[in-house]
Amino acid sequence: MPDRVIDLRSDTVTTPTDAMRRAMYEAELGDDVYGEDPSVNRLEQMSAERLGKEAALLLLSGTMGNLVGMLAQTRPGDEVIVGQHSHIFLNEAGGAAALGGIQLYPVPTTRGAIDPADVEGALRDPKNLHHPRSRLVCLENTANRDGGAAVSVGAMDTVAEVAHRRGLRVHIDGARIFNAAVALDVPVERLVQGADSVTFCLSKGLGCPMGSILAGDADYIQEARRWRKMVGGGLRQAGIIAAAGIVALEQMIDRMAEDHANAKRLAEGLNRLPGLTIDVDAVETNIIMLHFDEQRADPKAFVSGLRERGIKVGSPYGGRMRLVTHYQVSREDVDYVLKAAEQALGLVHA
Ligand SMILES: Cc1ncc(COP(=O)(O)O)c(C=O)c1O
């Protein structure tokens, strides 16, 4: 692999910035299980304020945030309505079922949005003793499998309104909620206003080495703190992680617009190449879904051609492949990838 490596597999591959590394080195620390880590307390308070919620909790990962987030507002046998492409449904190892006795009810999504009629259609009859209890609706924003779609305030609000009217609570898997807020140009607080609980990841586009936040009202977060302990997530001097999170909230949000512009530039360039198709208008944030016309472009050869040129991409599946930009992919890197893509397709020679 050449010296220059450009990693487009995910925004989780980012390594901490110099400012984060300094902040981690200098972080004030204490035992967070006693509530005595000043850096964790500060990050949790900053996060709650940003999201317009009463309280917040630091967890180790987005998966743990969603799991604890669900456990703290359901009982075994309850049903949770989720998008059929959602991370909770597809990529969290069945944790809700295994650890919470929760049954997931998948409904269709269009560019991440759930049709309120599908929520209504999924509701169980609370008086019917044969039915599980519908307890929670989970939304995802941005919607990872739906190509990083930023789901609008209106689409989030209408589902929340139906859920609340029918006595359900609402959770947002906002692993990339700041990407959504930046792309939609709305305050993140407004975007999550209808939710009772919301998670976001520090370890994706925000560039931290690890960590996620769960936010909600104070009683709920107290309950979540207990569940976090039960799943082994009681943290001690976690300020070492929180310090990077504080830098992320202060310095890494507004710049996400660059990642989105780079994703658009990359999508436009790749879409011009024979055998590759991208719905460029659908690239709203930092995720690109590339489709292969396999008669003209062999996915395997394309991936290995890029890899020889120092570009890491995810494995193609079902004739498509995800590419993700982040703060360690510059505009120059995008231009380099576009040249390398032409070479990998055999259109020009290196
Ligand atoms: C939408 C979404 N939710 C949750 C997660 C889980 O985050 P983690 O990998 O930190 O567990 C991811 C990870 O990629 C994600 O894309």
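Just so it is clear, the structure is predicted and the values come from calculations on it, not from any experiment. Atoms within each ligand, like the ligands themselves, are counted from 1 in listed order.
- Checked by atom type, the side-chain pair His260/Asn179 shows a donor-acceptor distance below 3.5 Å.
- Under the 3.5 Å distance criterion, with hydrogens and angles disregarded, a donor-acceptor pair is assigned to the side chains of Thr109 and Asp146.
- Residue-ligand proximity, Ser61 to ligand 1, at heavy-atom distances under 4.0 Å covers atoms 10 (O), 11 (O).
- With Tyr327 as the aromatic partner, Arg255 does not meet the cation-pi criteria of under 6.0 angstrom to the ring centre and within 45 degrees of the ring axis.
- Residue contacts with ligand 1 for Ala175 involve side-chain atoms from C-beta outward but no N, CA, C or O (heavy atoms, distance under 4.0 Å).
- Looking at Arg145, His85, His87, it is His87 that brings a heavy atom closest to atom 15 (C) of ligand 1.
- For the residue pair His164 / Asp196, a side-chain donor-acceptor distance below 3.5 Å is found, with atom types taken as modelled.
- Geometric assessment of Arg124 against the ring of Tyr105 yields a negative cation-pi assignment under the 6.0 Å and 45° thresholds.
- When the heavy atoms of Lys204, Met210, Glu140 are ranked by distance to atom 14 (O) of ligand 1, first place goes to Lys204.
- When Asn141, Thr199, Asp173 are ranked by how near their heavy atoms come to atom 3 (N) of ligand 1, first place goes to Asp173.
- With no hydrogens or angles considered, no side-chain donor-acceptor pair links His291 and Thr277 at under 3.5 Å.
- At least one N/O-N/O distance between Gly62 and ligand 1 falls below 3.5 Å.
- Among the atoms of Thr63, some N or O lies under 3.5 angstrom from an N or O of ligand 1.
- Using a 4.0 Å cutoff on heavy atoms, Asn144 counts as a contact of ligand 1.
- Under 4.0 angstrom from ligand 1, the non-hydrogen atoms of Glu92 all belong to its side chain.
- When atom types are taken as modelled, the side chain of Asn271 and the backbone of Ile278 share a donor-acceptor pair closer than 3.5 angstrom.
- Atom numbering of ligand 1 starts at 1 in the shown order; those under 4.0 Å from a heavy atom of Arg176 are 14 (O), 15 (C), 16 (O).
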